[in-house]
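Below is one structure, written out as structure tokens; the observations come after it.
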2 protein chains.
Amino acid sequence: MGYAETFKALSDPARRQILELLKKGPLSAGDIGSHFDMTGATISYHLKILKQADLIFESKEKNFIYYQLNTTVLEEIMLWISSLQGGGKDD
Amino acid sequence: MGYAETFKALSDPARRQILELLKKGPLSAGDIGSHFDMTGATISYHLKILKQADLIFESKEKNFIYYQLNTTVLEEIMLWISSLQGGGKDD
DNA sequence: ATAGTATTTAGAAATATTTCTAAATACTTA
DNA sequence: TAAGTATTTAGAAATATTTCTAAATACTAT
């Protein structure tokens with residue numbers, strides 16, 4: 001909800017890397033954490049930011065929470081960026 | 001130079017609005033400032049951030065500095081976003 | 001129920017961002 | 001050269017972000 005939230009979420013390198021990991025498919029918080037030199041608490045914080053920006057969603061299964069990419073919001077910001085690129089005197 | 005810089009620059013509403021204003025053509029720092037309820041110093045700060053992110057460039061003319069959109073970097077981040085969207089198991 | 005694993009929440013410290021005022025710089029023109 | 005306009009820089013205050021440790025929650029399986 002809102003470009004600020006989306007762009008802010010994308011501005012952190014760890015969060016961008018999380019999205020890239022999720023490109024290949026769903027991962028648990030623990031799996032994600034294993035790619036970083038950060039505590040689980042910090043990973044959880046970044047996942048929360050990504051979730052709030054609607055860039056990922058979660059699904060619980062057994063003892064795990066799996067995270068997946070949500071590309072809907074990405075399409076919206078692509079549109080915003082396109083409008084800047086294409087835009088001329090008459091927009 | 002670096003997605004972090006670009007996304008961080010785009011995460012501020014004032015800076016996004018500046019880019020939208022520049023869509024229509026070059027504007028001086030003062031012209032830009034007249035659209036906001038902020039001091040000139042603050043506008044100058046935001047312009048510096050956008051400049052550092054290569055989202056705008058300036059050209060001096062008479063007593064004014066004119067700012068213009070630079071869409072090159074926008075294309076790069078569109079590519080990064082596209083790669084997330086299209087990406088499947090084999091990327 | 002108990003113990004174990006996975007993840008989040010709370011609280012605190014360090015750092016970064018945003019904004020202001022006041023002063024400095026740069027350029028123009030009388 | 002002096003005065004005026006446009007913009008930036010410096011320094012400080014308020015707020016936000018990122019990270020940690022320690023504790024809490026949630027679920028599983030014995």
Side-chain angles (χ1 to χ4, degrees), chain A residues 1-22 25-70 73 77, chain B residues 1-22 25-70 73 77:
Chain A
M1 336 233 123
Y3 295 124
E5 220 168 359
T6 308
F7 284 123
K8 216 168 276 182
L10 293 173
S11 75
D12 185 273
R15 290 195 292 260
R16 284 196 307 280
Q17 201 184 328
I18 290 172
L19 296 181
E20 286 174 354
L21 289 170
L22 293 179
L27 290 175
S28 71
D31 288 340
I32 292 167
S34 73
H35 288 82
F36 295 89
D37 187 21
M38 286 171 173
T39 66
T42 298
I43 296 297
S44 184
Y45 162 77
H46 285 304
L47 290 171
K48 188 176 72 178
I49 302 288
L50 288 170
K51 225 181 322 175
Q52 283 171 349
D54 259 341
L55 286 164
I56 60 175
F57 60 93
E58 67 188 22
S59 50
K60 295 171 194 194
E61 192 179 330
K62 299 188 72 176
N63 208 8
F64 301 87
I65 302 177
Y66 286 95
Y67 286 95
Q68 302 184 55
L69 253 186
N70 180 11
V73 176
I77 70 165
Chain B
M1 337 230 118
Y3 295 124
E5 220 169 0
T6 309
F7 285 122
K8 215 167 276 181
L10 292 173
S11 74
D12 185 273
R15 291 195 291 260
R16 284 197 307 281
Q17 201 184 329
I18 289 172
L19 295 180
E20 286 175 352
L21 288 171
L22 293 179
L27 290 175
S28 71
D31 287 340
I32 292 168
S34 73
H35 289 82
F36 295 89
D37 186 18
M38 287 172 172
T39 65
T42 297
I43 296 296
S44 185
Y45 162 76
H46 286 304
L47 290 171
K48 188 175 72 178
I49 302 288
L50 289 170
K51 225 182 322 177
Q52 283 171 349
D54 259 341
L55 286 164
I56 59 174
F57 61 91
E58 65 188 22
S59 49
K60 297 174 192 193
E61 193 178 328
K62 296 189 72 176
N63 208 8
F64 300 87
I65 303 178
Y66 285 96
Y67 287 95
Q68 302 184 56
L69 253 185
N70 179 11
V73 176
I77 70 165

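The sequence lines fix the lettering, A, B, ..., with proteins before strands; numbering per chain opens at 1. Predicted, not measured: the structure shown is a model, and the values here were computed from it.
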Report the C-alpha distance between A/Phe36 and A/His46 in whole Å, list the side-chain angles of each, state the deciding distance to 0.1 Å, and finish with yes or no for side-chain contact (heavy atoms from CB on, under 4.5 Å). CA-CA 12 Å; A/Phe36 295 89; A/His46 285 304; over 6 Å; no

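- Atom CD of A/Glu5 and atom C1' of D/dT17 are 14 Å apart (whole Å).
- Across all non-hydrogen atoms, the minimal contact from B/Ser59 to B/Gln68 is OG-NE2, 3.9 Å.
- For A/Asp31 and C/dA6, the CG to C1' distance is 11 Å, given to the nearest whole Å.
- Within the 4.0 Å cut-off from OP1 or OP2 of D/dT8, at least one side-chain nitrogen or oxygen of B/Tyr67 is found.
- Here B/Ser28 reaches the OP1 or OP2 of D/dT7: one of its side-chain N or O atoms lies under 4.0 Å away.
- Dashed line: the shortest gap from a side-chain N or O of A/His46 to OP1 or OP2 of D/dT19 is under 4.0 Å.
- Between B/Tyr66 atom OH and D/dT8 atom C1' the separation is 17 Å, expressed in whole Å.
- The base-pairing partner of C/dG11, taking Watson-Crick or G-U wobble contacts with both distances under 3.5 Å, is D/dC20.
- The nucleotide whose nearest atom lies closest to any side-chain atom of B/Asp12 is, among C/dT19, C/dT9, D/dT7, C/dT19.
- For the pair B/Glu58 CD and D/dA6 P, the computed distance is 17 Å after rounding to whole Å.
- The shortest side-chain heavy-atom distance between B/Leu27 and B/Ile18 does not fall under the 4.5 Å cut-off.
- The nearest whole Å value for the distance from the CG atom in B/Leu47 to the C1' atom in D/dT9 is 14 Å.
- Taking atom NZ of A/Lys48 as the reference point, atom P of C/dA6 lies 22 Å away to the nearest angstrom.
- Put simply, OG on B/Ser28 and CG on B/Asn63 are 10.5 Å apart, with the number rounded to the nearest 0.5 Å.
- Closest of all the heavy-atom pairs between B/Ala53 and B/Val73 is O-CG2, 3.8 Å.
- No side-chain donor-acceptor contact under 3.5 Å links A/Asn70 to the backbone of A/Phe57.
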Identify all pairs in which a protein N or O lies below 3.5 Å from an N or O of nucleotides 20-27 of chain D, and state each distance.
residue: D/dC20; atom: OP2; partner: A/Thr39; partner atom: N; Å: 3.2
residue: D/dC20; atom: OP2; partner: A/Thr39; partner atom: OG1; Å: 3.3
residue: D/dC20; atom: OP2; partner: A/Thr42; partner atom: OG1; Å: 2.5
residue: D/dC27; atom: O3'; partner: A/Lys62; partner atom: O; Å: 3.2
residue: D/dC27; atom: O2; partner: A/Asn63; partner atom: OD1; Å: 3.4

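- A/Ile65 places its CD1 atom 12 Å from the C1' atom of C/dT5, with the value rounded to the nearest Å.
- Distance B/Ile49 CD1 to C/dA16 P: 13 Å, rounded to the nearest Å.
- Looking at A/Arg15, its side chain never comes within 3.5 Å of a backbone N or O of A/Leu10 through a donor-acceptor pair.
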